Amino acid sequence: MFWCAFVVLFLALGNELHLSHTTEVSVNSTENKLCLYANLMVNFSVTYEVGVNKSETVLFVLPENVTTEGSTCKNTTSTLKLGFGDWHSWVVEFTKDNKTYQVDSIVFTYNLNDSSVFTNSTSNETKSVTTKPRITNVGVDTYYSCKSENVQRVESVTQTLYDVTLQAFVTNGSKSDTDTVCAADLTSTTVAPTTTVTTTAAPTSTPTLPTPTTGNYSIAPDFNSTACLMATFGLRIGFKQGDKVETINLVPSATNVSGACGVNSSNLTLTSDTIKIMFTFSNDSKKFHLHALNVTVKPATGAAVVAVNTNMSIWAAAVGSSYMCNKEQTLTVTDTLTLYTFKLRVQPFGVEKGEFATAHECSLDDTSILIPVIVGAALACLILIVVIAYVIGRRKTYVGYQTL
Ligand SMILES: *[C@@H]1O[C@H](CO)[C@@H](O)[C@H](O)[C@H]1NC(C)=O
Ligand SMILES: *[C@@H]1O[C@H](CO)[C@@H](O)[C@H](O)[C@H]1NC(C)=O
Ligand SMILES: *[C@@H]1O[C@H](CO)[C@@H](O)[C@H](O)[C@H]1NC(C)=O
Ligand SMILES: *[C@@H]1O[C@H](CO)[C@@H](O)[C@H](O)[C@H]1NC(C)=O
Ligand SMILES: *[C@@H]1O[C@H](CO)[C@@H](O)[C@H](O)[C@H]1NC(C)=O
Ligand SMILES: *[C@@H]1O[C@H](CO)[C@@H](O)[C@H](O)[C@H]1NC(C)=O
Ligand SMILES: *[C@@H]1O[C@H](CO)[C@@H](O)[C@H](O)[C@H]1NC(C)=O
Ligand SMILES: *[C@@H]1O[C@H](CO)[C@@H](O)[C@H](O)[C@H]1NC(C)=O
Ligand SMILES: *[C@@H]1O[C@H](CO)[C@@H](O)[C@H](O)[C@H]1NC(C)=O
Ligand SMILES: *[C@@H]1O[C@H](CO)[C@@H](O)[C@H](O)[C@H]1NC(C)=O
Ligand SMILES: *[C@@H]1O[C@H](CO)[C@@H](O)[C@H](O)[C@H]1NC(C)=O
Ligand SMILES: *[C@@H]1O[C@H](CO)[C@@H](O)[C@H](O)[C@H]1NC(C)=O
């Protein structure tokens with residue numbers, strides 16, 4: 001019973017927290033099919049005049065309840081227009097080219113005549129500010145995902161976007177389940193928010209390439225020992241050559257494995273004719289994560305592409321466990337090179353008996369599993385409570401008749 005109450009409470013709280021903050025909207029095309037989707041949070045800070053040389057700063061959030069009138073979806077351009085309160089609006093313009101789409105601008109319009117927000121404003125005008133957040137190179141048919149804060153400051157307005165999920169140019173009327181994660185979510189150090197303006201995956205994979213074969217890689221400290229590092233995944237690399245985006249799969253059977261296990265860091269290097277990639281994992285004694293990537297691709301024609309990122313903080317899990325992600329993951333290494341992993345499982349430290357330890361699953365995997373599990377558990381609880389109540393009720397009436 002206690003467990004039940006806990007689950008129910010957790011559900012209630014979860015819903016409360018979720019619903020009270022995010023703004024979720026869908027826009028349908030003229031054929032009444034979903035064509036634009038957004039679920040995000042925006043905080044605004046606006047400084048306005050309240051007297052001669054006197055100003056006030058007001059903070060407010062994009063409300064949950066917004067209108068989408070004026071939003072449009074066209075072949076290569078789309079507009080998301082969110083109206084709220086007393087004639088305030090937040091308008092996002094998208095454009096698309098062959099394989100990617102981007103946000104061109106965000107125009108925030110606020111009405112200083114709304115005295116419920118801008119108390120004592122000397123002006124009753126409507127003002128607008130335009131920003132250009134770096135939400136670019138989002139793969140067509142993927143959604144843009146960025147939990148990190150993206151801070152935009154223009155004139156007297158500061159907008160903070162966070163927990164953003166966005167998909168424009170939705171095809172077939174249903175949201176994609178593949179994401180393009182912003183670079184800020186992939187790197188560890190979140191320095192001053194202003195400098196971590198988000199960038200996204202540069203190249204996107206060509207759909208013509210088959211899913212890469214899953215390879216099994218392991219490193220042992222010496223010939224006699226069992227593995228100290230294990231990894232299994234399929235790997236695709238997308239890289240820019242001039243304006244063109246090329247993709248290439250790593251072929252496990254033609255790949256040489258090397259590396260070393262250390263106390264604080266472990267390395268895995270995979271080398272094929274065309275690809276050399278080194279993964280560096282670090283261990284802070286409690287948790288491990290992928291810390292650095294050094295990728296060299298030698299295409300059939302053209303110069304080699306080298307991408308190094310020593311500031312990553314992904315694939316994190318407790319030391320002694322493994323990290324797992326069955327869904328395709330997109331990792332932006334640099335502006336010119338992106339990795340796509342498939343059916344991933346890694347354990348860079350503390351492997352015992354040559355077997356993976358229990359897995360920490362990526363959020364992509366577990367949200368899809370967790371929600372039905374929670375809902376199921378809550379339903380089971382409800383049924384249990386009803387049955388118990390019924391049994392107790394029955395017993396009482398039964399006992400009552402007996403004594404008479
Ligand atoms: C959008 O279209 C879906 C069906 O494709 C429909 O269920 C939904 O009600 C529509 N939404 C609006 C706001 O018209
Ligand atoms: C946004 O505003 C809300 C309410 O004022 C606050 O709780 C939250 O921490 C803010 N978030 C960010 C990222 O500034
Ligand atoms: C307002 O500020 C300006 C310059 O900052 C100053 O010259 C002016 O005297 C100030 N006016 C008042 C009424 O304080
Ligand atoms: C949302 O806004 C509409 C119109 O502005 C209003 O009729 C409706 O009651 C609001 N809903 C909630 C839940 O605030
Ligand atoms: C938009 O795309 C549809 C189908 O892909 C095509 O029939 C139509 O001509 C396009 N419209 C414009 C303005 O490009
Ligand atoms: C891709 O875009 C370029 C211009 O940006 C255009 O010339 C080319 O035809 C497009 N390719 C396809 C397959 O649409
Ligand atoms: C400002 O709001 C008041 C009511 O609050 C309204 O009467 C007035 O017309 C508005 N002025 C402008 C310029 O919108
Ligand atoms: C607005 O002005 C009135 C009178 O000048 C003052 O009492 C009140 O505190 C002001 N409100 C704000 C939010 O500044
Ligand atoms: C508000 O706007 C009207 C004209 O739209 C103007 O006549 C009035 O003086 C303004 N009020 C304030 C307080 O600025
Ligand atoms: C370890 O390796 C050595 C030779 O490298 C071999 O003689 C020995 O039997 C091995 N020990 C085990 C337990 O396999
Ligand atoms: C892994 O590689 C890095 C960079 O090349 C190096 O500093 C580190 O010592 C290596 N770790 C091990 C355990 O060899
Ligand atoms: C990346 O790897 C290449 C060759 O594998 C090496 O020459 C280069 O020094 C490495 N870069 C870093 C920053 O470790």
Side-chain angles (χ1 to χ4, degrees), residues 181 183 185-189 212-239 248-298 304-325 329-334 336-360 362:
V181 179
D185 280 3
L186 298 176
T187 54
S188 57
T189 46
T213 315
T214 308
N216 295 311
Y217 312 105
S218 63
I219 302 294
D222 54 62
F223 284 116
N224 272 355
S225 316
T226 57
C228 57
L229 178 156
M230 285 173 64
T232 161
F233 53 81
L235 182 71
R236 171 177 299 159
I237 299 180
F239 56 98
I248 183 170
N249 284 346
L250 181 72
V251 181
S253 59
T255 298
N256 216 334
V257 188
S258 62
C261 301
V263 179
N264 300 320
S265 87
S266 286
N267 296 328
L268 171 68
T269 303
L270 304 177
T271 314
S272 74
D273 282 352
T274 47
I275 297 171
K276 178 168 182 175
I277 178 164
M278 181 163 100
F279 300 85
T280 303
F281 297 90
S282 65
N283 173 351
D284 69 4
S285 84
K286 285 202 185 91
K287 291 187 99 177
F288 68 80
H289 67 265
L290 177 67
H291 170 69
L293 273 171
N294 181 349
V295 191
T296 307
V297 179
K298 280 176 262 169
V305 179
V306 180
V308 178
N309 186 334
T310 57
N311 196 15
M312 307 191 88
S313 183
I314 53 167
W315 299 354
V319 169
S321 67
S322 59
Y323 176 87
M324 184 160 110
C325 201
Q329 260 191 333
T330 304
L331 317 180
T332 306
V333 183
T334 62
T336 52
L337 192 140
T338 303
L339 296 189
Y340 304 91
T341 61
F342 301 80
K343 296 200 172 73
L344 173 87
R345 189 158 184 189
V346 289
Q347 186 173 352
F349 299 97
V351 175
E352 281 171 11
K353 297 183 196 138
E355 286 171 3
F356 280 118
T358 51
H360 171 87
C362 61

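Position 1 is the first residue of the sequence; numbering continues from there. Remember, it's a predicted structure, so these values are computed and weren't measured experimentally. All values below come from the heavy atoms of this structure, side chains included, with hydrogens, waters and symmetry mates left out.
In terms of heavy atoms, S322 sits closest to R345 at OG-NE, 3.1 Å. Counting all heavy atoms, side chain and backbone alike, N283 lies closest to V319 at OD1-CG2, 3.4 Å. For the pair A357 and S321, the tightest heavy-atom approach, listed with the atom from each and the gap, is CB-CA, 3.9 Å. When every heavy atom of T226 is checked against every heavy atom of A220, the shortest pair comes out as O-CB, 3.8 Å. Closest of all the heavy-atom pairs between V333 and N309 is O-ND2, 3.0 Å. The shortest heavy-atom contact between C261 and I219 is SG-CG2, 4.2 Å.
In this view, F233 and Y217, F279 satisfy the ring pair (Phe, Tyr, Trp, His ring centres under 6.0 Å) rule, not counting sequence neighbours. Shown here are the side chain to side chain donor-acceptor pair (under 3.5 Å) partners of S266, two or more places apart in sequence or in another chain: there are none.
Atom OG of S282 and atom NZ of K287 lie 11.5 Å apart (nearest 0.5 Å). Atoms CZ and CG, on F342 and N249 in that order, are 7.0 Å from each other to the nearest 0.5 Å. Interatomic distance, OG1 of T280 versus CG of L290, reported as 7.5 Å (0.5 Å rounding). Here CG of L337 is found 8.0 Å from CZ of F239. Values are rounded to the nearest 0.5 Å. In this structure, the separation between CG on L344 and CG on L331 is 8.5 Å, given to the nearest 0.5 Å. Residue L250 holds its CG atom at 7.5 Å from OG1 of T274, rounded to the nearest 0.5 Å.
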Checklist line | Candidate pair L268 and V257, rule side-chain contact (heavy atoms from CB on, under 4.5 Å), full reasoning | finding: CA-CA 7 Å; L268 171 68; V257 188; 3.7 Å; yes
Next item on the list: Please step through side-chain contact (heavy atoms from CB on, under 4.5 Å) for the pair V181 and T332, ending with a clear verdict.
Entry: CA-CA 8 Å; V181 179; T332 306; over 6 Å; no
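A heavy-atom distance below 4.5 Å is found between the side chains of T232 and T214. Residues L293 and I277 are in side-chain contact: their nearest non-hydrogen atoms beyond the backbone lie under 4.5 Å apart.
A donor-acceptor contact shorter than 3.5 Å is absent between the side chain of T341 and the backbone of L235. Of the possible polar contacts, none joining the T271 side chain to the K276 backbone as a donor-acceptor pair under 3.5 Å is found. Although no hydrogens or angles enter the test, the distance criterion places no donor-acceptor pair under 3.5 Å between the side chain of S265 and the main chain of G262.
A 6.0 Å sphere centred on CG of D273 holds no more than 12 heavy atoms belonging to other residues, nucleotides or ligands.
Screening Q329, H360, H291 for a side chain to side chain contact (heavy atoms under 4.5 Å, CB included) with W315, the sole residue that qualifies is Q329.
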